[in-house]
Amino acid sequence: MKKIDEPAGDTGSPVYQYRLPVSRKTNAYCADLLRRHLEAIGSRWRRLTPGRIVVIVLAVLRHDQRIADMAGGNQVGETTIRRWRDELIALLAARAPRLDRALKEIAKRGAEVVLIDGTLIPTARRSGKDNRPNYSGKHRRHGLHFLALTDEMGRLIWISAARPARTHDVTAARRDHILDHLRAAGLGALADLGFLGLDDDDDQPAVVTGYKATRARKLTASQKEANRVLAASRTPVEHGFARLKMWRTLAKLRTDPARATNLVAALLVLTNLEMNH
């Protein structure tokens, strides 16, 4: 049986070119970030220039290119590309916004609400007792749970740490103290019914979730209309997740779950760079 992870081959093998759908400003930002990092740590030599390293790493993240193929096509080792990838991810993740600062920045712009939702990033199936929490019964697949906030236009402003797929949205929100941060910033949040019960303040709720019907209680016409308005207002949060998942490395995470937090934080920074450009 042929191994699927064998390298592309030696320098005599065919090498093809591809178009990287990332703006030049994003590429220049990352290259400058890496260049300043290399100067700070006193690195005198790399096999390739910072600009070329960034192109390779972005290709791995954007197209989910196999590291073995990228190594063979650029005449460097697989370990080297993995090290470059992890290095750039760490530099970008360090620039991801903190929750409190992100909300305060939104409040300064005059906004009154943000949008909140949870999503599942699929992972490769891993057996064993320790990996059972990473199976989501709702989605019927293995993955990691992330909580995210966007502004009213769908621009991602913050994303949580990775948690097991079976984590409930309310549980994740409580662990991140979402309510406390919203009230400190003077903001409200629009959420779906998955966050029902998060905010128990009926007079001045920070999180609005709409109404849920039960067998004993049907929704009134006004409640149904309120749910439709809320759903329409929350549409941009789905657009925010869609932009994030354009980085095809998220189609199925093959990295260690412990590294997923840094990876998604780095992709958040890249996604916002692309939107700004």
Side-chain angles (χ1 to χ4, degrees), residues 18-38 40 46 48-67 69-70 74 81-99 101-103 105-106 114-115 117-123 143-151 153-162 236-277:
Y18 52 85
R19 180 181 178 274
L20 184 61
V22 175
S23 69
R24 292 185 178 181
K25 290 185 178 180
T26 296
N27 187 77
Y29 175 90
C30 294
D32 184 61
L33 186 64
L34 179 58
R35 192 176 295 111
R36 287 187 279 111
H37 169 70
L38 296 179
R46 288 287 172 95
L48 299 177
T49 64
R52 185 59 185 167
I53 291 173
V54 165
V55 169
I56 292 173
V57 173
L58 291 181
V60 171
L61 298 178
R62 188 70 169 192
H63 290 302
D64 199 21
Q65 290 279 354
R66 293 196 315 164
I67 288 180
D69 292 337
M70 298 301 293
N74 292 277
I81 291 186
R82 288 192 179 92
R83 185 172 66 249
W84 290 344
R85 177 201 61 188
D86 294 343
E87 186 175 46
L88 185 60
I89 285 175
L91 292 173
L92 289 168
R95 282 153 180 77
R98 283 178 20 182
L99 176 57
R101 294 176 182 175
L103 292 176
E105 182 63 27
I106 290 295
V114 294
L115 311 178
D117 204 356
T119 190
L120 180 80
I121 302 295
T123 62
L144 296 172
H145 177 276
F146 290 89
L147 202 64
L149 296 175
T150 75
D151 60 17
M153 301 301 293
R155 181 179 181 271
L156 285 164
I157 60 175
W158 172 82
I159 198 159
S160 72
V237 73
E238 301 297 337
H239 297 165
F241 279 133
R243 295 186 189 101
L244 180 69
K245 292 178 181 181
M246 286 180 67
W247 298 92
R248 296 178 188 171
T249 189
L250 296 181
K252 179 178 284 189
L253 284 178
R254 298 175 181 85
T255 186
D256 188 328
R259 299 182 179 182
T261 296
N262 262 8
L263 171 61
V264 175
L267 296 181
L268 167 64
V269 174
L270 290 172
T271 300
N272 287 338
L273 283 172
E274 284 295 281
M275 289 189 65
N276 291 338
H277 295 160

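Throughout, residue positions are numbered sequentially from 1 according to the sequence presented.
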Side-chain heavy atoms of L267 within contact of T249, under 4.5 Å: yes
Any L156 side-chain heavy atom under 4.5 Å of R243 side chain: no
Atom of A59, atom of L20 and distance for their closest heavy-atom approach: CA-CD1, 3.8 Å
Over all atoms of both residues, closest heavy-atom pair of A265 and A93: CB-CB, 4.0 Å
Side chain proximity check, I89 to R259, heavy atoms < 4.5 angstrom: no
Close side-chain approach of S23 and L273, heavy atoms under 4.5 Å: no
Nearest-0.5 Å distance that lies between atom CD1 in I121 and atom CG in L253: 6.5 Å
Minimal non-hydrogen separation, A102 against P97, with atom names: CB-CB, 4.1 Å
Distance in Å, C30 SG paired with L92 CG, rounded so as to fall on 0.5 Å steps: 5.0 Å
Neighbour count above 12 (heavy atom, 6.0 Å) for K245 NZ: yes
Exercise: identify the closest heavy-atom pair between A90 and N262: CA-ND2, 4.5 Å
CG-CD1 distance between L268 and I159, expressed to the nearest 0.5 angstrom: 6.5 Å
Heavy-atom side-chain contact between E238 and D117 under 4.5 Å: yes
Heavy-atom neighbours of R95 CZ exceed 12 at 6.0 Å: yes
Minimum heavy-atom distance V264-L250, with the two atoms named: CG2-CD2, 4.2 Å
Separation between CG of L115 and NE2 of H239, rounded to the nearest 0.5 Å: 11.0 Å
Test side-chain contact (heavy atoms from CB on, under 4.5 Å) applied to L270 and L58, step by step: CA-CA 10 Å; L270 290 172; L58 291 181; 4.0 Å; yes
Inter-residue atom distance R19.CZ - H63.NE2, 0.5 Å rounding: 8.5 Å
Nearest heavy-atom neighbours spanning L120 and H145: CD1-N, 4.5 Å
Chi angles and distances behind the side-chain contact (heavy atoms from CB on, under 4.5 Å) call for R35, V54: CA-CA 10 Å; R35 192 176 295 111; V54 165; over 6 Å; no
R62 bridged to E274 by N-O distance under 4.0 Å: no
side-chain contact (heavy atoms from CB on, under 4.5 Å) assessment of V114 paired with W158: CA-CA 11 Å; V114 294; W158 172 82; over 6 Å; no
Rounded distance [0.5 Å steps], OG1 in T119 versus CZ in F146: 9.0 Å
Check against side-chain contact (heavy atoms from CB on, under 4.5 Å), L149 and L103: CA-CA 9 Å; L149 296 175; L103 292 176; 3.9 Å; yes
Salt bridge present between R36 and D32 (N-O < 4.0 angstrom): yes
Any donor-acceptor pair under 3.5 Å from N272 side chain to I157 backbone: no
